[in-house]
Amino acid sequence: MLSEQEQIRRESLQKIIAYGINPYPAEEFKTTHYSLDILKKYNEDEKVIIAGRLMRRKIQGKASFGTLQDAKGRIQIYLNRDVICPDEDKSMYNDVFKKWLDLGDILGIEGKVFKTMVGEISINVEKIHLLSKSLKPLPQPKKDSEGVTHDAFNDPELRYRRRYVDLVVNDHVKETFIKRSKIINSMRKFLSQKEYIEVETPILQSIPGGAAARPFVTHHNALDVPLYLRIANELYLKRLIVGGFDGVYEFAKDFRNEGMDKTHNPEFTQMEMYVAYKDYHWMMNFTEEMLEFICLEVLGTTNVNIGGEIVSFKKPFKRISMIDSIKEHTGIDISKMSELELRKTCEKLDVATDASMGKGKLIDEIFGEKCESNYIQPTFITDYPVEMSPLCKKHRDNPELTERFELMVNGKELANAYSELNDPIDQKSRFEDQVKLAEKGDDEAMFIDLDFIRALEYGMPPTSGMGIGIDRLVMFLCNQASIQEVLFFPQMKPEKWDTGPNKNEYLELNISETWIQPIYESGYTTKEILLEAKPTAVHQKLNGYRKKNKLDIPPILLEEVQSWYN
RNA sequence: GAUUCGUUAGCUCAGCUGGUAGAGCACAUCCCUUUUAAGGAUGGGGUCCUGGGUUCGAACCCCAGACGAAUCACCA
């Protein structure tokens with residue numbers, strides 16, 4: 001059922017076609033300017049051609065004002081009847097513009113630049129072209145002279161499901177996504193300046209490796225094998241290092257079949273990179289250099305407002321080992337503790353544990369509970385317990401630790417990096433430990449990837465690798481608290497659509513075509529629902545519907561309704 | 001997964017103690033040749049998320065469900 005406004009727009013569409021205008025023309029429309037160009041450089045009487053969406057219209061007799069919104073901004077247009085229609089025939093203004101065009105229509109405008117009496121740069125329209133008719137009314141937020149928005153389009157569900165509307169109507173949304181693009185470009189520029197190679201690796205993987213997470217499963221028909229959407233691309237990028245590239249990186253969509261919240265979406269973007277002959281100390285320097293570069297290039301400053309805190313991305317960032325961090329925040333030195341002592345410490349600190357947790361997991365819990373959220377300013381946390389990191393090289397000074405760092409910003413993980421494990425024998429035994437975890441029921445334990453082991457057996461140079469969450473980085477640099485604000489189309493439950501009546505079902509009952517839609521619209525959406533109702537009630541409801549919608553058909557007779565029930 | 005909140009016109013939202021469904025913008029008609037959030041006048045527009053229940057009577061109370069948001073838990 002169309003709303004009144006939608007019906008009116010469809011009627012206007014018909015009138016436009018009857019008048020001889022194609023509402024959806026095929027031809028290229030050549031523009032000379034963007035709105036922004038005209039506003040930036042005022043050239044009185046300059047002839048311009050622009051295209052965009054009509055966002056405001058104010059008709060005042062023979063003159064009208066409007067606002068045209070294009071990809072770069074908005075500009076006011078002025079229409080005078082006798083300028084648009086210099087001849088006798090005034091229908092282009094009186095009918096087409098005033099009656100049949102609507103807010104939201106895409107128009108091409110030819111005219112001359114001028115300033116109104118109030119001094120606003122505008123276009124005096126000489127010719128108007130309909131480029132696409134809009135059949136659904138847009139929300140109409142208004143900004144007042146103090147910059148306060150009234151009637152903002154701000155229902156999150158509508159905004160995410162109809163992002164196209166959100167983008168048309170909410171300027172700041174577009175800005176966020178433009179900035180996202182700039183951040184990614186800037187990172188790519190930085191990596192490419194180092195002469196690393198941008199690569200692409202499989203998204204469909206038969207063994208989902210490189211991280212601890214539950215995968216999405218799919219099936220390949222021709223090969224008749226299960227395939228997984230990648231949870232990471234780490235193992236493939238390392239194979240390329242084996243193959244002799246010194247530096248590779250990939251901007252990768254990864255997929256994890258886990259819970260969603262304001263920092264997690266089932267598909268998300270990571271940039272992973274691997275560089276041969278480096279270690280995690282080198283990678284820390286590299287990471288802070290890269291982030292500083294991006295901030296300066298995109299924002300022009302290293303001071304970033306994140307949720308009201310000023311966070312400085314000026315290098316160097318603070319570095320602290322996990323054990324020292326725990327010492328700093330709890331006053332307890334856990335470095336020499338046994339598993340039992342750690343468990344007691346957890347109890348004392350009120351950190352929840354369970355029996356399956358090993359030494360490493362216990363340490364990680366303490367850190368997660370007591371330390372992590374304190375790191376607002378960028379901080380490298382280094383030297384994680386070995387159980388947590390099956391793909392990471394053991395620490396050169398302490399075999400219980402690994403050469404790993406995570407970069408914490410605003411209490412959240414932004415990046416994760418290792419001195420990569422390149423000892424195939426050690427790697428195999430770490431994978432086997434994961435298999436044992438899986439057998440114990442850990443559904444996030446890693447799969448064993450024998451081909452990856454084989455690759456390491458051919459020899460991988462010492463390498464450092466790093467992954468950085470692009471969505472989170474964008475959230476930080478755009479000061480957005482929710483991942484949904486930095487993804488065009490965040491994951492949502494599928495929308496339910498009213499697909500209309502199943503006609504055959506009604507025809508089976510000998511119901512005439514003309515009454516099917518009214519029956520459906522009256523709430524009898526299936527045969528079963530209709531047959532459960534009383535014929536007299538249906539009869540009344542249908543004639544009520546006929547009257548209300550002013551249907552041009554005779555009222556239905558009770559006998560006819562009753563005949564459906566026999 | 002738990003708890004809380006929300007769902008009323010195209011959009012943003014009111015709607016008291018259960019008693020005929022409201023406003024602003026948008027839309028339509030008429031008037032108006034430079035408006036600045038929205039010139040003036042008049043008018044049309046509703047599956048009050050869905051399904052049950054209570055009641056003489058439900059947008060409102062009760063039960064179940066759908067969708068969304070926040071917090072927490074789980075998870076990187």
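Numbered from 1 within each chain, the chains take letters A, B, ... in sequence-line order. None of these values were measured; they are calculated from a predicted model.
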Ignoring backbone atoms, test whether K58(A) places a side-chain nitrogen or oxygen under 4.0 Å from the OP1 or OP2 oxygen of rG39(B). yes
Between K493(A) and rC67(B), is there a side-chain N or O to OP1/OP2 distance below 4.0 Å? yes
Would one find more than 12 heavy atoms of other residues, nucleotides or ligands at under 6.0 Å from atom [atom1] of [X]?
X: K143(A); atom1: NZ; value: no
X: K370(A); atom1: NZ; value: yes
X: K90(A); atom1: NZ; value: yes
X: R162(A); atom1: CZ; value: no

Determine the interplanar angle of the F405(A) and F380(A) rings, folded into 0 to 90°, and report it as parallel if under 30°, tilted if 30 to 60°, perpendicular if over 60°.
-> perpendicular
| query | How are the rings of F251(A) and Y249(A) set relative to one another: parallel (under 30°), tilted (30 to 60°) or perpendicular (over 60°)? | reply | perpendicular
What residues 255-266 of chain A contributes to the RNA chain B interface at heavy-atom separation below 4.0 Å is R256(A), E258(A), D261(A), K262(A), H264(A)
Measure the distance from [atom1] on [X] to [atom2] on [N] and round it to the nearest whole Å.
X: F114(A); N: rU34(B); atom1: CZ; atom2: C1'; result: 7 Å
X: I77(A); N: rU34(B); atom1: CD1; atom2: C1'; result: 14 Å
X: R9(A); N: rC27(B); atom1: CZ; atom2: C1'; result: 9 Å
X: N124(A); N: rU33(B); atom1: CG; atom2: P; result: 16 Å

Using a 4.0 Å heavy-atom cut-off, does [X] contact any base of the nucleic acid, only the sugar-phosphate backbone, or nothing at all?
X: F153(A); answer: sugar-phosphate
X: T116(A); answer: base
X: Q140(A); answer: sugar-phosphate
X: A212(A); answer: sugar-phosphate
X: E406(A); answer: base
X: E6(A); answer: nothing
X: R161(A); answer: sugar-phosphate
X: E372(A); answer: base

Does any nucleotide pair with [N] by Watson-Crick or G-U wobble geometry, both distances under 3.5 Å, and what is it?
N: rG43(B); value: rC27(B)
N: rU36(B); value: none
N: rG1(B); value: rC72(B)
N: rC67(B); value: rG6(B)
N: rC61(B); value: rG53(B)
N: rA21(B); value: none

From [options], nucleotide with atom closest to [X] side chain:
X: K142(A); options: rA37(B), rA69(B), rC27(B); answer: rA37(B)
X: E4(A); options: rG45(B), rU12(B), rU36(B); answer: rG45(B)
X: M492(A); options: rG24(B), rU34(B), rA69(B); answer: rA69(B)
X: L158(A); options: rC32(B), rA28(B), rU12(B); answer: rU12(B)

Inter-nucleotide [atom1] distance ([N], [M]), Å rounded:
N: rC27(B); M: rC11(B); atom1: C1'; value: 12 Å
N: rA28(B); M: rA70(B); atom1: C1'; value: 41 Å
N: rU55(B); M: rU71(B); atom1: C1'; value: 37 Å
N: rA14(B); M: rU7(B); atom1: C1'; value: 15 Å
N: rG53(B); M: rG68(B); atom1: P; value: 28 Å
N: rA59(B); M: rU12(B); atom1: P; value: 22 Å
N: rG19(B); M: rA58(B); atom1: C1'; value: 10 Å
N: rG45(B); M: rA21(B); atom1: P; value: 14 Å

Can you find an N or O donor on one side and an acceptor on the other, under 3.5 Å apart, linking the side chain of Q60(A) with the base of rG39(B)?
no
Margin query: Let's test your reading of the model: under 3.5 Å, does the base of rU34(B) pair with the side chain of E120(A) as donor and acceptor?
Written below: no
Cation over ring face, R57(A) and F97(A), 6.0 Å, 45°: yes
- Message: With no hydrogens and no angle check, just 3.5 Å: does a side-chain donor-acceptor pair link R404(A) and N416(A)?
- Response: yes
Notebook entry, point to check: Any side-chain donor-acceptor pair under 3.5 Å between S91(A) and Y19(A)?
Noted result: yes
| query | Is there a stack between H150(A) and rA37(B), judged by ring centres under 5.5 Å and planes under 30°? | reply | yes
Result for 5'-nearest mapping on RNA chain B, choosing between N416(A) and Y160(A), is Y160(A)
The residue, L138(A) or P156(A), whose nearest nucleotide of RNA chain B is more 5′ is L138(A)
The ring pair (Phe, Tyr, Trp, His ring centres under 6.0 Å) partners of F489(A) (sequence neighbours excluded) come to none
